[in-house]
Every structure is written in structure tokens, then in C-alpha cells.
Amino acid sequence: MPKREMPDAGEARTQRALRTIESMLDLQLLRTNLDAVAKRLADRPFALDTATFQALEQGRKDLQTRAQELQARRNALAKQIGQTKSKGGDTAALMTDSAEVNAELGALEKGAEEAQKRLQDFLAVVPNVPHESVPVGTSPDDNAEVRRIGAPRKFDFTPKDHVDLGARLGLLDFEAATKIAGTRFVVMKGAIARLHRAIAQFMLDVHTGEHGYTEVYVPYLVNAASLYGTGQLPKFKEDLFTVPRGAASGEADAGDFYLIPTAEVPVTNLVRDEIVPLEKLPLKFVCHSPCFRSEAGSYGKDTRGMIRQHQFDKVELVQIAHPAQSYAALDALTGHAESILQRLELPYRVVTLCTGDMGFSAAKTYDIEVWLPGQNAYREISSCSNFEAFQARRMQARFRNEKGKPEPVHTLNGSGLAVGRTLVAVMENGQQADGSIALPAALVPYMGGVQKIDPA
RNA sequence: GGAGAGGUGGCCGAGUGGUUGAAGGCGCACGCCUGGAAAGCGUGUGUACGGUAAUACCGUACCGCGGGUUCGAAUCCCGCUCUCUCCGCCA
């Protein structure tokens with residue numbers, strides 16, 4: 001765990017929890033089902049060194065047990081000294097014993113700390129265990145198509161992509177964005193800017209009004225502890241934009257802010273360090289926010305257009321669910337995202353990511369891919385995942401179960417949907433031979449009755 | 001940014017070095033009482049890790065966070081952080 005000075009109370013609490021829990025995986029599960037876990041992790045593929053784990057865990061346990069014995073002895077001696085003193089007795093012998101115990105304890109604690117650290121480092125890079133229903137595979141080619149909804153439209157002209165369409169309309173300006181900020185930004189104007197806003201409003205209304213989500217507005221700058229909670233840190237720091245807090249500048253600081261790469265971070269962290277009452281589950285949140293990603297390592301990928309930007313808007317769905325309900329919740333959440341595409345009359349397909357294509361923290365992920373005529377391909381527009389208790393353990397996000405005991409919740413999220421990519425899909429799928437864009441009926445009320453965007 | 005006050009259990013609130021995981025109250029749970037309920041009475045009521053398979057029992061840690069002093073720290077010292085009030089600034 002990277003050193004961070006000046007943690008606030010909540011962060012520190014999480015840090016402490018991480019130290020004691022040590023794992024993103026359930027340590028209990030690891031101990032009792034080590035071989036089964038290792039076998040499934042091999043499908044990702046991830047090689048879990050079970051012998052090393054057992055050695056580290058045994059070492060940690062031995063040290064802890066011994067340290068606790070010594071602590072118990074120290075406490076007993078201290079108590080005795082107090083009692084003896086109050087009676088005016090001689091405490092010299094007791095003090096000697098106590099000094100011995102403390103000497104041994106001091107040495108032991110150092111070793112215990114190191115053992116803890118080694119185990120922590122070992123477990124920090126272990127990804128989540130894939131759910132049994134996840135197909136085994138190593139590349140996107142091994143993803144399993146679940147369903148395909150809607151047929152790609154037949155064009156009697158050669159369809160353009162959104163960049164050309166936007167240029168022709170005079171309403172998408174990548175050059176201006178490059179001048180103002182740099183590559184991977186866009187300036188939208190007029191009807192396209194409004195369409196972008198309309199899409200987000202439409203999604204929010206559907207999810208709050210029909211799917212039972214509570215709309216939330218959250219910080220777009222977050223602290224490091226939140227990013228640890230959802231798993232972006234410590235492993236994926238390069239993907240994030242950092243905002244130095246000190247006016248002084250330059251040097252990285254524990255108090256730094258990070259721009260959110262997705263609303264998943266602030267929204268899921270709502271339950272960090274909380275114990276949610278059983279009857280409150282599931283919690284369902286929807287949040288429209290900008291997202292900021294450095295796209296380090298994506299050089300040369302999707303450089304054209306709005307598909308991969310440093311800044312984009314997204315409407316995010318988050319659920320905090322009872323473990324017994326989380327897979328039903330994943331199906332429901334995916335369906336909620338799909339319903340947006342259906343209402344926008346956009347063809348799409350749903351795939352189950354294979355073990356090799358899933359994210360680090362996910363136990364199961366459905367990607368929803370929308371048809372883009374400009375690319376003649378299905379492109380990801382939403383990714384819906386069940387993290388089971390992986391994030392919850394890092395966050396200390398729990399609920400009080402039927403027996404009254406705190407237990408980690410299951411967390412889920414999915415885009416519902418990425419607004420920029422939806423805009424692209426609406427433009428490309430609705431394009432007419434004359435370069436105008438016919439809008440899906442669902443968006444017309446959000447466009448003040450406008451049904452078609454015409455070139456200026 | 002300047003000045004001051006404060007962070008104790010689900011909540012309120014005691015507690016300035018010794019048998020305090022923490023008085024008391026509220027809330028909550030169970031029991032008694034009642035035809036039923038309220039009131040009243042009694043008992044209980046934090047989290048994590050470890051010993052264990054165990055929600056039984058035992059141990060350890062935790063009174064904002066980190067460090068220090070001490071045989072012993074909620075209590076003393078240092079650093080930090082957050083909250084509140086006033087001033088300044090500001091959308």
C-alpha cells in the first residue's frame with residue numbers, strides 16, 4: 001500500500017480496515033477453498049501461488065497469535081502493578097517482568113508489520129474470482145454473445161461517420177477543441193449541443209421515473225481513498241488525471257484530488273464505511289456526470305471523433321445489493337441500460353465478457369455494444385458489472401444481514417449510457433442522404449419538438 | 001486566508017493516567033406484567049481479527065487519524081484532519 005500522509009478520519013478508517021482485512025478477496029474463502037479459487041483465477045489467466053500464500057498467511061497468523069499473548073501478559077502485569085501500588089506494595093519485580101515482555105513485544109511487532117505487508121502486497125494484485133457463468137477465454141473473440149436486438153439499417157447511400165456528419169452540420173468542432181485544450185476533446189454547438197443535453201436528460205428521466213433509481217449529484221473531484229475503494233487505485237493511477245491541491249504546486253501529495261474517471265467512484269463510495277440496514281437494500285442510484293480519463297496507453301486507438309475522449313458525459317447506474325440478489329440485479333440493471341437503446345431505436349447486442357477480457361474487480365460483466373454505421377461495427381456503449389463483495393471489502397461497505405451481523409454488500413454498476421457515444425450512435429444511425437439527422441421520437445420532446453437536425 | 005471552539009458507542013452525554021469497551025439517559029431486542037396495548041420492572045444491546053467449523057466461549061485491538069511519553073493512555077505531549085462560529089474573499 002502506497003504511503004499517504006495526512007489521511008482524514010474516513011480514509012484512515014479504510015486504511016486500517018485494509019490492513020486488517022488484507023485482501024480484496026475473502027481471506028476466509030481463500031483459506032478454506034484455496035485450490036478452487038486458484039483454479040478459477042487461472043482462467044483469467046492469473047497464477048495464484050498457493051504455496052506462497054499459505055506460507056505468508058501462516059507466518060502472519062503465528063506472529064499475531066504470539067503478539068496477542070504478549071499483549072495479554074503486558075496488560076495483566078500493568079493491572080497488577082496498579083493494584084500493588086495502590087496497596088503500597090513493592091512493584092520492582094513486576095516492573096522487571098514487564099520490561100522483558102515489552103522488549104519481546106517490540107521486536108515482534110516489527111516482524112508482524114512486515115509479515116502483514118508481505119501478505120498485503122501479495123494479495124493486492126489478485127483479481128476478483130470470475131462467476132461460474134463466465135465463459136473461459138483470453139481475448140474479446142471469446143466473449144459470448146447473449147442477444148442481438150434490432151437490425152442495422154440498410155442505407156441506399158454510403159453512411160458517413162459522426163465526424164463528417166458533424167462537420168457538414170457545422171456543429172461538431174474538433175479543431176476548436178484541440179486549440180483550446182488538445183486532442184481527444186470536442187466542441188459541440190447548437191442543435192448537437194442540445195441533443196447531447198437531451199440524451200442525458202432523457203436517460204435520467206427514464207431511470208428515475210421508470211426503473212426506480214434515485215438521482216444523485218456528486219463531486220467530480222475525489223480523494224485517493226475513494227479510488228482505492230472502487231479499485232482504480234493503486235493499480236490504475238496512470239489512467240487518472242490528478243489535481244494537485246497545494247497552491248505550492250508540482251509535487252504529488254496525499255491530499256491531491258483526482259478527476260473522476262466515472263461516476264461509479266463517487267456514487268459507489270456513498271456506502272464506504274457504512275452499514276446499510278437490510279430493509280434499505282437494494283440501493284439504486286443514477287448519476288449524470290462528466291468523466292475524465294487520461295487514456296494513457298491508448299495512443300493511436302480511436303483517435304478520430306468522439307469515441308475516446310479525455311472528457312465525456314455518462315449516465316451511470318449503481319446498485320448496492322443483497323448478495324443473494326446481486327445476479328438478478330445485474331440482469332435488471334443491464335436491462336435498464338438496454339431499454340434506453342430500444343427507445344432510441346438503436347440496434348445493439350449484448351455480450352458476456354470472457355474471463356480474459358473482464359476488468360480486475362469484476363466477477364461478471366455484460367458489455368452492450370451499439371451499432372455504428374460509420375464504423376460498420378458494434379462498439380461498446382455500456383459495461384454492466386457485478387463486483388460481488390470485491391469492492392465492498394475494500395470500502396468496508398456492509399449491510400446488516402438477516403442474523404443481525406454486518407456482511408459486505410454486493411456492488412454493481414453499468415453505464416446507462418455513455419452520453420457521447422449515444423450521441424454518435426443517434427447521429428450515425430439517423431443520418432439522411434442530405435446530411436441531416438432524423439431524431440428518434442423519444443428525444444423529440446427533449447428537443448423542443450425538433451424532429452430533424454438540418455445542415456446550417 | 002486569519003481567530004476561536006470542538007470531535008467519546010445507533011443517538012445524547014459523563015469521564016484528565018490504573019481493574020473503562022468505556023457511567024447515565026434515549027433508542028432498540030427479549031422477558032415479566034396486561035384481555036390487548038401503553039406505562040412500569042428485569043435482562044441484554046459496537047466493530048474487526050485471532051484461538052475454532054461455530055452467530056458458544058476466550059484473547060487482542062479500536063474513544064477523529066498518526067506518532068510519542070509511561071509498567072499502564074479515552075485521559076499527558078507532538079503532528080495532522082474534519083466539523084462549528086466570527087472575520088476576509090467569492091459563484
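Letters go in sequence order (proteins before strands), and every chain restarts at 1. Since the structure is predicted, the reported quantities are computational estimates derived from the model, not experimental observations.
Put simply, CD on A:Gln71 is 10 Å from C1' on B:G59, counting in whole angstrom units. At whole-Å resolution of the value, CZ in A:Arg66 and P in B:G59 are 18 Å apart. A straight line from CD of A:Gln64 to P of B:C58 spans 19 Å, rounded to a whole angstrom. If you measure from atom NZ of A:Lys79 to atom C1' of B:U70, you get 18 Å, rounded to the nearest angstrom. Between the CD atom of A:Glu407 and the P atom of B:U55 there is a distance of 13 Å, given to the nearest Å. At whole-Å resolution of the value, CZ in A:Arg74 and P in B:A61 are 6 Å apart. The distance between atom CE of A:Met95 and atom C1' of B:G72, rounded to the nearest whole Å, is 9 Å. Protein atom CG of A:Asn223 is 12 Å distant from nucleotide atom C1' of B:C82, rounded to whole Å.
Across every strand in view, B:G40 sits in a pair with B:C32 that passes the Watson-Crick or G-U test at under 3.5 angstrom. As the counterpart of B:C57, B:G51 is assigned, both hydrogen-bonding distances of the Watson-Crick or G-U wobble pattern falling under 3.5 Å. Pair assignment for B:C84: B:G4, on the basis of Watson-Crick or G-U wobble contacts that are both within less than 3.5 Å. When Watson-Crick and G-U wobble pairs are counted only if both distances are under 3.5 Å, B:U45 pairs with B:G27. Pair assignment for B:A22: none, as no Watson-Crick or G-U wobble contacts are both less than 3.5 Å. Taking a pair to require two hydrogen-bonding distances under 3.5 Å in either a Watson-Crick or a G-U wobble arrangement, B:G72 remains unpaired. Look at B:A14: it lacks any Watson-Crick or wobble partner with both distances under 3.5 angstrom. The partner of B:C90 cannot be assigned: no Watson-Crick or G-U wobble pair with both contacts below 3.5 Å exists in any strand.
Comparing the same atom, P, in B:C84 and in B:G68 gives a spacing of 32 Å after rounding to whole Å. A gap of 30 Å separates the C1' atoms of B:C65 and B:G51, to the nearest Å. Across the P atoms, B:U83 and B:C78 are found 23 Å apart, a figure rounded to whole Å. To the nearest whole angstrom, the two C1' atoms, one in B:C80 and one in B:G7, are 14 Å apart. Going from the P atom of B:A22 to that of B:C58 covers 13 Å, rounded to whole Å. Taking atom C1' in both B:U8 and B:G21, one finds a spacing of 11 Å when rounded to whole Å. Nucleotides B:U69 and B:G50 have their C1' atoms positioned 29 Å apart, rounded to a whole Å. Of the P atoms belonging to B:U47 and B:A73, the separation is 25 Å, rounded to the nearest Å.
Residue-level contact check: A:Lys85 touches the bases, meaning some heavy atom is under 4.0 Å from a base atom. Nucleic acid contact for A:Gln83: base, since at least one base atom lies under 4.0 Å from a heavy atom of the residue. Residue contacts for A:Asn102: at a heavy-atom cut-off of 4.0 Å it reaches the sugar-phosphate backbone alone, with no base atom in range. Counting non-hydrogen atoms under 4.0 angstrom, A:Arg31 reaches the backbone sugars and phosphates but no base.
For A:Ala72, the side-chain atoms get nearest to B:G59 when compared with the rest of B:U47, B:G59, B:C71. Distance from the side chain of A:Ser98 is smallest to B:C71 among B:C71, B:G50, B:U60. In this structure, the nucleotide among B:G18, B:U19, B:A61 sitting nearest to the side chain of A:Ile81 is B:G18.
Where A:Arg73 and A:Thr65 each meet RNA chain B at their nearest nucleotide, the meeting point lying more 5' is that of A:Thr65.
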Legend entry - Step-by-step salt bridge (charged side-chain N to carboxylate O under 4.0 Å, His left out) determination, A:Arg343 to A:Glu210: CA-CA 13 Å; A:Arg343 290 160 199 247; A:Glu210 299 180 32; 2.6 Å; yes
Inset, instruction - Dump the intermediate steps for side chain to side chain donor-acceptor pair (under 3.5 Å) on A:Gln201 and A:Arg197, then the final yes or no. - result: CA-CA 6 Å; A:Gln201 298 296 322; A:Arg197 171 163 57 94; over 6 Å; no
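Side-chain to base pairing of A:Gln68 with B:G59: one donor and one acceptor N or O lie within less than 3.5 Å of each other.
For A:Glu295 and A:Arg184, the salt-bridge test fails: no basic side-chain N is under 4.0 Å from an acidic carboxylate O. A salt bridge does not link A:Glu104 with A:Arg73: every distance from a Lys NZ or Arg NE/NH1/NH2 to an Asp or Glu carboxylate oxygen is 4.0 Å or more.
Counting heavy atoms from C-beta on, the side chains of A:Gln391 and A:Glu264 come closer than 4.5 Å.
For the OP1/OP2 pair of B:U47 and a distance below 4.0 Å, the side-chain nitrogens and oxygens of A:Arg400 include at least one atom meeting the criterion. Checking the phosphate oxygens (OP1, OP2) of B:U47, no side-chain nitrogen or oxygen of A:Arg398 falls inside 4.0 Å. A sub-4.0 Å separation between OP1 or OP2 of B:A48 and a side-chain N or O of A:Arg393 is absent. Phosphate proximity of B:U60 to A:Asn75: present, with a side-chain N or O under 4.0 Å from OP1 or OP2.
Contact between A:Phe387 and A:Ser361 at its shortest, heavy atoms only, is CD2-O, 3.4 Å. Residues A:Leu344 and A:Pro440 approach most closely at O-CB, 3.6 Å, considering heavy atoms.
Within the model, atoms CG of A:Leu56 and CD of A:Gln54 stand 10.5 Å from one another, a figure rounded to the nearest 0.5 Å.
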